[in-house]
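Just so it is clear, the values below take in all heavy atoms, side chains as well, and ignore hydrogens, waters and symmetry mates. Sequence lines set the chain letters: A, B, ... in the order given, protein chains first and strands last, and positions in each chain run from 1.
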Amino acid sequence: MLQISLMTERHRLAKLLRVSSKNRLIDQGKQVHAALVRIGYGSDVILNNDLIDLYGKCGRMDMACDVFDKMPETNVVSWTALMCGHLQQGNPKSSLLLFCRMGYTDVKPNEFTFSTNFKACGVLKIPENGMQIHGICVRTGFEWFPAVANSVMDMYSRCGRISEAEQMFNLMPIRSLISWNAMITGYALVGMGEKCLLLFQKMQRQGEILDDFTFTSTLKACSCLGAIEEGTQIHAYLITRGFAFSVQAIVSGALVDLYVKSGYLFEARKVFDQIEQKSVISWSSLILGYAQQGNLKAAMDLFRQLRESNIWVDGFVLSSMIGVFSDFALVEQGKQMHCYTAKFPSGMEKSVANSIVDMYLKCGLIEEAERVFNEMPERNVVSWTVMITGYGKHGLGREAIRLFNEMQVEDVEPDGVTYLALLSACSHSGLIEESREYFSILCGDYRIKPQVEHYACMVDLLGRAGCLKEAKELIHNMPLKPNIGIWQTLLSACRVHGEFEMGRKVGDMLLELDGKNAVNYVMLSNIYADAGYWRESEKVRVSVKLKGLKKEGGCSWVEIDKEVHFFYNGDERHPLTKEIHKILKEIEKRIKEETGYPYEVRFALHDVEEESKAESLRYHSEKLAIGLALVHSGVEEGGRTIRVFKNLRVCGDCHEFIKGLSKVLKKVFVVRDANRMSRQLLYRYGMIVMLILFSPVLLAKKSYHDYFGVSLDRERRDRVGNMKEGTEFLELCGFERVGGGKFLFLPRDKVDMEVLKSAGTALNSAITNPFFGLLSK
DNA sequence: CTAGGGTTAG
């Protein structure tokens with residue numbers, strides 16, 4: 001009788017345990033645990049296995065291990081449950097170690113054990129271990145269990161071994177929807193978009209079932225490929241098939257991301273607005289999309305809405321938002337955001353800290369960046385790379401090298417981007433020998449394949465140093481196809497060093513390679529002009545006109561009291577033109593007296609596409625914009641930072657002018673300019689901190705749209721044409737035309753100060769300013 | 001005891 005009631009009690013508790021585990025009810029689980037021990041089932045294997053599962057799911061690995069260690073005997077389920085726990089708690093290494101330990105016991109792995117550990121290898125990206133386990137799996141006859149085969153495939157594709165994954169897929173005796181999806185996902189993961197789309201087609205043709213996993217992976221592939229047509233077809237297909245994508249947060253999320261990445265913000269927004277239960281992921285996709293287009297206002301509006309909704313702000317959103325402020329060099333907003341992150345547990349994430357460090361570096365506050373960097377409890381490759389990049393841009397090449405060594409002492413492996421940062425740091429500090437050395441280390445590192453960007457960096461550096469022959473040879477001998485940019489770099493180096501012959505050859509070649517780009521003509525023409533071949537120079541210029549190619553006209557703008565004033569080169573339309581000219585003349589005289597300007601430094605910035613000398617006889621637009629700012633503020637020393645934007649690169653002459661100006665007036669100037677690469681130049685008391693913002697992105701991880709060159713909402717693009725002019729750009733930034741040479745910033749939204757005040761951190765004092773004050777000082 | 005999908009920072 002007693003026996004029976006104990007049995008039923010055991011049965012009841014076992015059920016309760018399963019329920020607790022499923023619903024992650026740790027406290028209830030603990031009570032059941034205690035009850036089981038009380039009635040004498042403390043060493044029941046099955047119950048203990050369930051306890052391991054429970055504690056693992058609830059994130060209490062310490063307790064799961066405790067149960068495991070105290071078990072008088074274990075079976076394969078106990079081991080596997082513990083491995084799963086480790087894996088789910090983000091500790092795949094422990095799972096693998098446990099797998100090794102199990103090899104020394106009599107307990108044999110089963111299909112669950114294998115698939116769990118393949119997953120672990122996939123997460124860790126260690127194909128070597130995965131292959132070893134695959135071998136064991138073959139020998140023990142578990143290879144073609146469906147779940148095992150799928151997880152082997154998944155492991156290979158996550159480790160980038162796509163051909164092994166393909167082999168598994170082809171050999172598989174039973175292919176389920178999961179197998180198809182795993183293969184499609186694999187292609188999408190390694191960026192093989194075409195293959196992914198082909199497989200998707202094949203699935204359809206063979207009449208396989210498609211599910212939401214299939215669609216999201218395929219959409220991701222479309223997004224990698226920029227295949228907007230195919231993506232739109234899938235979108236249409238989803239609608240016509242009555243797929244309830246409005247509630248399918250994940251599929252729609254992928255759709256939003258596809259449109260964002262392809263630059264169709266208008267479509268992205270439409271899909272986004274239809275999602276009933278928006279996840280934080282879709283929010284961050286869209287916010288980032290606006291930000292990368294330079295639409296600061298839209299990005300901030302969306303962020304405000306996100307805060308007002310009840311969605312938990314995660315690290316992705318925070319780091320994206322901080323990124324927005326660093327891109328616009330809005331130091332104050334960036335600082336406020338820094339404080340704001342303290343409100344969230346996700347603010348502790350590495351990515352957030354990394355973007356904060358990056359933000360301070362881009363705003364020129366190097367000490368602040370160092371402080372945050374040093375206080376980080378944990379650093380990853382990105383953290384170190386950010387710092388190395390920052391030191392590089394501030395001309396502290398030695399510091400960059402020091403960090404590069406230090407990170408390796410701390411067992412953080414540099415990757416391709418780290419090397420790029422290091423090379424560029426050496427380059428900007430004139431450390432030629434060191435660059436050569438690190439470049440050869442990079443080439444010898446079997447883990448990293450040097451990319452075009454690495455070669456471009458070396459060409460740039462050798463070009464600066466005047467080693468043009470070496471640079472040219474490097475291009476000829478590189479195993480990758482040189483791109484236009486590399487040749488342009490070499491060409492401008494030829495100009496700097498007066499290498500007429502080589503320059504002419506490279507220039508001619510560029511015209512053949514990229515004859516549609518007016519910039520190449522201008523560069524060649526300048527080469528001729530420098531060498532005194534005026535007629536040839538003129539001929540090249542004329543041919544640009546004959547071919548109907550147009551170089552974008554220079555345009556700069558400056559914000560004064562929430563109005564934006566813009567100027568073209570030599571623009572005299574502004575009502576204060578007289579005053580501007582007067583003040584520029586005075587100040588030029590002062591700079592000349594106090595600093596010796598102009599130095600012969602036309603090419604200090606090593607511009608690829610600077611405006612030609614002939615055009616610069618009149619005042620360049622950036623000088624006019626600065627002139628206006630000075631008319632407005634007076635020429636007293638110190639005071640507010642002056643922030644000027646320009647659609648093209650600042651020329652060497654204006655650069656020296658601003659540098660001198662910053663010294664004479666003890667003022668900070670920030671010039672945001674753009675072209676092939678958008679930059680931000682920070683002038684501080686005669687020093688220049690050069691900052692490249694949207695530098696070429698390695699490994700084509702994501703497509704940064706050129707800051708100025710792209711208008712993206714289809715609707716807007718139709719309206720403004722292929723937006724190239726600064727004025728349309730301003731409209732896209734959220735400015736409203738008010739006539740004359742003026743733009744007005746659209747009215748701000750009210751700031752929710754209460755939310756900010758409730759931050760309840762010691763940093764509160766820093767958030768007393770309106771959070772959404774734009775372009776503040 | 002098991003498996004797959006969308007977002008971030010350099």
Excluding sequence neighbours, so at least two apart, what forms ring-ring contact (aromatic ring centres under 6.0 Å, His included) with A:Tyr391? none
At less than 3.5 Å, do the side-chain atoms of A:Ser351 and the base atoms of B:dT8 form a donor-acceptor pair? yes
Rounded distance in Å - CE (A:Met337) to C1' (B:dA9): 13 Å
Base, backbone or nothing for each nucleotide of nucleotides 1-7 of chain B, written B, S, -, heavy atoms under 4.0 angstrom, 5' to 3'? BBBBBBB
Taken to the nearest whole Å, CE/A:Met359 to P/B:dG10 is 12 Å
For A:Glu349, all residues meeting salt bridge (charged side-chain N to carboxylate O under 4.0 Å, His left out), sequence neighbours excluded: none
Taking only residues two or more places apart in sequence, or in another chain, which ones meet A:Lys195 in a salt bridge (charged side-chain N to carboxylate O under 4.0 Å, His left out)? A:Glu166
Rounded off to whole Å, could you give me the CG-to-C1' distance for the A:Leu361 and B:dA9 pair? 12 Å
Length of the CG-C1' vector between A:Leu422 and B:dG10, whole Å: 14 Å
Please output the side-chain donor-acceptor pairs of residues 217-227 of chain A that fall under 3.5 Å, not counting sequence neighbours, one pair per line with the distance.
from     : atom 1 : to       : atom 2 : distance (Å)
A:Ser217 : OG     : A:Thr185 : OG1    : 2.9
A:Ser217 : OG     : A:Phe213 : O      : 3.3
A:Thr218 : OG1    : A:Thr214 : O      : 2.6

Please name all residues satisfying salt bridge (charged side-chain N to carboxylate O under 4.0 Å, His left out) with A:Arg101, sequence neighbours left out, ordered by chain then number. none
Regarding A:Asn380, tell me which of base, sugar-phosphate or nothing describes its non-hydrogen contacts under 4.0 Å with the strands shown. base
Just to verify, which of A:Cys457, A:Pro414, A:Ser424, A:Pro450 counts as forming a side-chain contact (heavy atoms from CB on, under 4.5 Å) with A:Tyr419? A:Pro414
